[in-house]
K.L.:
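Please read through the structure below; I'll follow up with questions.
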Amino acid sequence: RTIANDAFEGCSGLQTLYIDCDIRHKELFRDANLNNVTIGSSVKHIATGTFEWSSGKVVLNSDHADASWFENMSIEQFVIAGGVTNIKEGVLSGIQGQLYIDCNNTRASWFNDISFDEIVISSNVTQVAERLFAGYSQKLIIESNCFDKSWVDYGDISEIVLGNSVTSIKPDTFSEYNGVLTLDCREIKSRFLDESNITQINIGSGVQHIANNAFILCDNLQSFKGKYTSNDGRYIVVDRELICYAPAAPQECVVYDDIETIGEGAFSGLNIRSVTLSDSVKSIGPSAFSDCVNLQQINLGHGLETINEK
């Protein structure tokens with residue numbers, strides 16, 4: 001099979017390319033403005049510099065990729081497709097942007113000396129090699145419910161994001177993690193996180209529901225940031241209801257104006273000593289302060305109307 005050198009001459013509007021054959025001439029797509037290149041599983045050779053005038057997204061389906069294929073290409077997203085079983089060591093070195101992993105056959109050697117800005121593990125991934133990203137120190141985005149702490153070296157990673165596809169995580173997943181954790185999953189369920197060393201949690205814009213006792217086991221959690229968080233970062237507020245208080249936040253809690261309801265179990269089991277409710281608080285939910293064994297003082301505001309029981 002042969003493609004003439006000038007087959008795509010003057011095709012400046014060509015932006016998307018799917019190839020499933022070898023490319024022998026590096027200037028074949030010189031006039032194109034490629035920003036989306038998919039390399040099929042049959043490809044074994046691409047001339048060095050073929051994509052040096054290209055930028056954007058690359059989807060790799062071939063087991064024969066070589067670093068020379070992507071020489072001088074400005075890559076924004078590199079996708080390792082589900083069928084890939086082998087990548088030569090060094091192919092991914094020097095590529096920046098985002099790495100999107102959609103396969104289960106990964107090996108640690110693929111990722112030696114990588115410098116991606118962020119790595120995404122897709123919802124299709126169920127297993128990877130242990131400590132797959134040892135030495136990687138940027139952002140890791142998890143979309144898989146099968147994520148396990150054995151996959152990574154927590155000592156290096158600066159931020160972990162649990163993405164929109166995540167509905168549950170394994171117990172003890174973050175017991176050794178000290179970095180930034182961002183939750184961007186739709187629903188944060190009851191006891192979503194167990195014991196960990198995390199001191200701050202970022203709530204992403206994708207979160208739609210947070211259970212009252214989602215963080216009750218996070219003994220070191222001092223503050224929240226992002227969606228639904230109070231100005232001082234100590235508690236979560238949804239529709240003027242205080243949902244939960246950070247377990248390691250100051251023991252003297254002040255609930256500010258604009259809060260109308262203290263939610264069910266909002267402070268349950270926490271090591272707080274005093275609580276002051278603003279006049280805006282109208283009701284206190286069931287078990288709001290249950291098992292607060294060190295609670296010595298509570299100041300109820302003038303606006304309080306109801307203290308609910310189960």
Side-chain angles (χ1 to χ4, degrees), residues 77-82 97-106 111 114 116-134 136-229 233 235-238 243-244 246-247:
Q77 183 187 46
F78 192 99
V79 179
I80 303 176
Q98 181 190 88
L99 173 64
Y100 189 93
I101 300 173
D102 201 34
C103 65
N104 286 305
N105 302 298
T106 50
F111 306 102
I114 58 174
F116 289 95
D117 298 326
E118 62 183 34
I119 296 176
V120 180
I121 300 178
S122 86
S123 58
N124 294 322
V125 176
T126 58
Q127 61 181 3
V128 301
E130 285 194 8
R131 299 184 76 246
L132 187 66
F133 308 112
Y136 177 70
S137 60
Q138 302 299 314
K139 180 190 290 188
L140 181 64
I141 301 174
I142 308 298
E143 295 289 352
S144 171
N145 285 314
C146 300
F147 176 67
D148 189 277
K149 66 180 182 180
S150 66
W151 295 8
V152 297
D153 185 344
Y154 280 143
D156 297 315
I157 294 176
S158 60
E159 180 180 3
I160 293 178
V161 179
L162 297 185
N164 208 245
S165 300
V166 175
T167 58
S168 63
I169 57 174
K170 296 180 180 180
D172 199 37
T173 297
F174 296 108
S175 60
E176 301 172 12
Y177 181 58
N178 296 309
V180 176
L181 177 65
T182 297
L183 303 181
D184 204 30
C185 32
R186 291 186 184 90
E187 181 179 10
I188 302 175
K189 299 178 180 179
S190 175
R191 298 175 182 258
F192 188 78
L193 295 176
D194 58 8
E195 295 181 10
S196 71
N197 293 318
I198 297 168
T199 59
Q200 178 179 300
I201 290 177
N202 298 333
I203 306 297
S205 59
V207 175
Q208 298 176 10
H209 174 76
I210 302 176
N212 294 64
N213 58 353
F215 308 108
I216 194 172
L217 299 177
C218 300
D219 293 338
N220 297 300
L221 180 59
Q222 299 174 7
S223 63
F224 303 100
K225 187 177 181 181
K227 188 177 181 181
Y228 298 134
T229 60
Y235 47 82
I236 299 290
V237 181
V238 179
I243 297 295
C244 57

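Heavy atoms only: backbone and side chains are in, while hydrogens, waters and symmetry mates are out. Not measured: the values here are computed from a predicted model.
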K.L.:
Might you confirm whether atom CD of Glu187 has over 12 heavy atoms from other residues, nucleotides or ligands at distances under 6.0 Å?
P.N.:
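Yes, because the 6.0 Å sphere around CD of Glu187 holds more than 12 heavy atoms from other groups.
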K.L.:
What pair of heavy atoms forms the shortest contact from Ala211 to Lys189, and how long is it?
P.N.:
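Closest approach of Ala211 to Lys189, heavy atoms only: CB-C, 3.6 Å.
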K.L.:
Any luck finding a side-chain donor-acceptor pair between Lys149 and Ser175 under 3.5 Å?
P.N.:
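Yes.
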K.L.:
For residues Asn124 and Asn104, report the shortest heavy-atom separation together with the two atoms involved.
P.N.:
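That closest heavy-atom pairing would be O-ND2, 3.6 Å.
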K.L.:
Is there a donor in the side chain of Ser150 and an acceptor in the side chain of Asp148, or the other way round, less than 3.5 Å apart?
P.N.:
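Yes, a side-chain donor-acceptor pair sits under 3.5 Å.
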K.L.:
Look up atom OG1 in Thr126 and atom CD1 in Ile121, then write down how far apart they are to the nearest 0.5 Å.
P.N.:
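If I round to the nearest 0.5 Å, the distance is 11.5 Å.
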K.L.:
Assess whether side-chain contact (heavy atoms from CB on, under 4.5 Å) is satisfied between Val128 and Ile101, documenting all intermediate values.
P.N.:
CA-CA 10 Å; Val128 301; Ile101 300 173; 5.7 Å; no
K.L.:
Measuring from atom CD1 of Ile201 to atom CD1 of Ile188, what distance do you get when rounded to the nearest 0.5 angstrom?
P.N.:
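Ile201 CD1 to Ile188 CD1: 7.5 Å, rounded to 0.5 Å.
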K.L.:
Could you tell me the separation between the OG1 atom of Thr199 and the CG atom of Asn178, rounded to the nearest 0.5 Å?
P.N.:
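It comes to 8.0 Å.
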K.L.:
Roughly how far, to the nearest 0.5 Å, is the CG atom of Asn145 from the OG1 atom of Thr167?
P.N.:
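Thr167 atom OG1 to Asn145 atom CG measures 3.5 Å (nearest 0.5 Å).
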K.L.:
Can you tell me how far the CD1 atom of Ile236 sits from the OG1 atom of Thr229, to the nearest 0.5 Å?
P.N.:
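So the CD1 of Ile236 and the OG1 of Thr229 are separated by 6.0 Å.
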K.L.:
Check Gly82 against Asn105 and note the closest heavy-atom contact, atom names and distance.
P.N.:
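Taking every non-hydrogen atom into account, O-ND2, 4.3 Å.
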K.L.:
Looking only at side-chain N and O atoms, does Gln98 offer a donor or acceptor that is under 3.5 Å from a partner on Glu118?
P.N.:
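Short answer, yes.
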K.L.:
Any side-chain heavy-atom pair from Leu181 and Leu193 closer than 4.5 angstrom?
P.N.:
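They are in side-chain contact.
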K.L.:
Using 30° and 60° as the class boundaries, would you call the ring planes of Phe147 and Trp151 parallel, tilted or perpendicular?
P.N.:
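Because their plane-to-plane angle is over 60°, the rings of Phe147 and Trp151 count as perpendicular.
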K.L.:
Please determine which of Ile119, Ile141, Val120 meets the side chain to side chain contact (heavy atoms under 4.5 Å, CB included) test together with Leu99.
P.N.:
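One option only clears the test, and that one is Ile119.
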K.L.:
Indicate the atoms forming the closest heavy-atom contact of Asn164 with Asp184, along with that distance.
P.N.:
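Here Asn164 and Asp184 meet closest at ND2-O, 3.4 Å.
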K.L.:
Quick check against the 3.5 Å criterion: does Lys227 have a side-chain atom that pairs as donor or acceptor with the backbone of Ile203?
P.N.:
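No; zero donor-acceptor contacts below 3.5 Å.
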K.L.:
Kindly give the heavy-atom pair with the smallest separation between Ser144 and Ser122, and that separation in Å.
P.N.:
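It is CB-O, 3.4 Å.
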K.L.:
Quick one: does Tyr100's side chain get under 4.5 Å of Gln77's, heavy atoms only?
P.N.:
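Answer yes - side chains close enough.
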K.L.:
Walk me through it: do Gln138 and Asp117 pass the test side-chain contact (heavy atoms from CB on, under 4.5 Å)?
P.N.:
CA-CA 6 Å; Gln138 302 299 314; Asp117 298 326; 5.7 Å; no
K.L.:
Is the closest side-chain heavy-atom distance between Lys170 and Asp172 below 4.5 Å?
P.N.:
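No, too far: nothing below the 4.5 Å cut-off.
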K.L.:
Look up atom CD1 in Ile243 and atom OH in Tyr228, then write down how far apart they are to the nearest 0.5 Å.
P.N.:
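One gets 9.5 Å once the value is rounded to the nearest 0.5 Å.
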K.L.:
Can you see which heavy atom on Cys103 is nearest to which on Ala81, and at what distance?
P.N.:
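Taking Cys103 first and Ala81 second, the nearest heavy atoms are CB-O, 3.3 Å.
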K.L.:
Before giving the answer on side-chain contact (heavy atoms from CB on, under 4.5 Å), spell out for Phe111 and Thr106 the whole-Å C-alpha distance, their side-chain angles and the decisive distance to 0.1 Å.
P.N.:
CA-CA 9 Å; Phe111 306 102; Thr106 50; 4.1 Å; yes
K.L.:
Consider side chain to side chain contact (heavy atoms under 4.5 Å, CB included). Of Phe192, Phe215, Phe224, which one does Ile210 pass it with?
P.N.:
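Answer after filtering Phe192, Phe215, Phe224: Phe215.
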